[in-house]
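The figures that follow rest on heavy atoms only: side chains count, while hydrogens, waters and symmetry mates do not. Residue numbers count from 1 along this sequence. Everything quoted here is computed from the prediction, not taken from an experiment.
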Amino acid sequence: MNSDGFYLTHEFLSEMLSVRRAIITIVVGALQTAGLITYQRGPSTIMDSQRLKDVSCGCYQIIKQEYDRLIG
């Protein structure tokens, strides 16, 4: 994305990731507590993109490379 701000609901994320909505609430809360994002009923902002990348799974770089190859 070209912006740190975006709009996603818990419902949309849960459907996209095929997990229960309660799991999204837990994960979003943990990311907020860690200072990585802010979230308020849809509007979200990435506060520390490097730390967010650091705590993400190892597949982040693979997905980014593929995205850049196909779209970038």
Side-chain angles (χ1 to χ4, degrees):
M1 294 184 346
N2 294 327
S3 172
D4 286 339
F6 54 95
Y7 186 90
L8 292 174
T9 64
H10 284 197
E11 184 67 29
F12 177 78
L13 283 170
S14 69
E15 288 179 20
M16 184 173 66
L17 299 171
S18 296
V19 297
R20 292 179 312 141
R21 193 171 170 270
I23 297 300
I24 299 299
T25 301
I26 292 167
V27 172
V28 166
L31 292 172
Q32 276 196 119
T33 299
L36 301 174
I37 67 167
T38 61
Y39 178 88
Q40 294 179 327
R41 291 188 173 244
S44 304
T45 304
I46 296 173
M47 303 303 292
D48 190 336
S49 60
Q50 187 55 55
R51 278 187 52 222
L52 189 57
K53 290 174 192 174
D54 291 345
V55 299
S56 68
C57 70
C59 59
Y60 172 82
Q61 191 59 38
I62 295 167
I63 293 168
K64 169 124 176 50
Q65 287 171 343
E66 189 65 7
Y67 175 86
D68 290 344
R69 184 182 72 79
L70 294 171
I71 298 173

To the closest 0.5 Å, what do you measure between CD (Gln61) and OG (Ser56)?
9.0 Å

Are Val27 and Ile24 connected, step by step, through hydrophobic side chains (Ile, Leu, Val, Met, Phe, Trp, Tyr) whose heavy atoms are closer than 4.5 Å?
yes

Within the structure provided, determine whether Ile46 and Phe6 are in side-chain contact (heavy-atom separation under 4.5 Å).
yes

Would you mind reporting whether Thr45 and Met47 have side-chain heavy atoms less than 4.5 Å apart?
yes

Using the rule that two of Ile, Leu, Val, Met, Phe, Trp, Tyr join whenever any of their side-chain heavy atoms come within less than 4.5 Å, decide whether Leu36 and Leu8 are in one cluster.
yes

If you take all heavy atoms of Tyr39 and Ser44, which pair is closest and at what distance?
CD1-OG, 2.9 Å

Shortest non-hydrogen contact between Ser14 and Arg20, atoms and distance
CB-C, 4.0 Å

Kindly work out whether a path of hydrophobic side-chain contacts (I/L/V/M/F/W/Y, heavy atoms less than 4.5 Å apart) joins Leu52 to Tyr7.
no

Do Leu17 and Val28 belong to the same hydrophobic cluster, where Ile, Leu, Val, Met, Phe, Trp and Tyr are linked whenever their side-chain heavy atoms lie under 4.5 Å apart, directly or via other members?
yes

Ile62 side chain reached by Glu66 side chain, heavy atoms, under 4.5 Å
no

Are Ile37 and Gln32 packed together at the side-chain level, in the sense that at least one heavy-atom pair is separated by less than 4.5 angstrom?
yes

Single-linkage hydrophobic cluster, 4.5 Å side-chain cutoff, Leu31 and Leu13 together:
yes

Can you tell if the side chain of Arg21 reaches within under 4.5 Å of the side chain of Ile23, non-hydrogen atoms only?
no

Ala34 backbone acceptor or donor facing Arg51 side chain under 3.5 Å:
yes

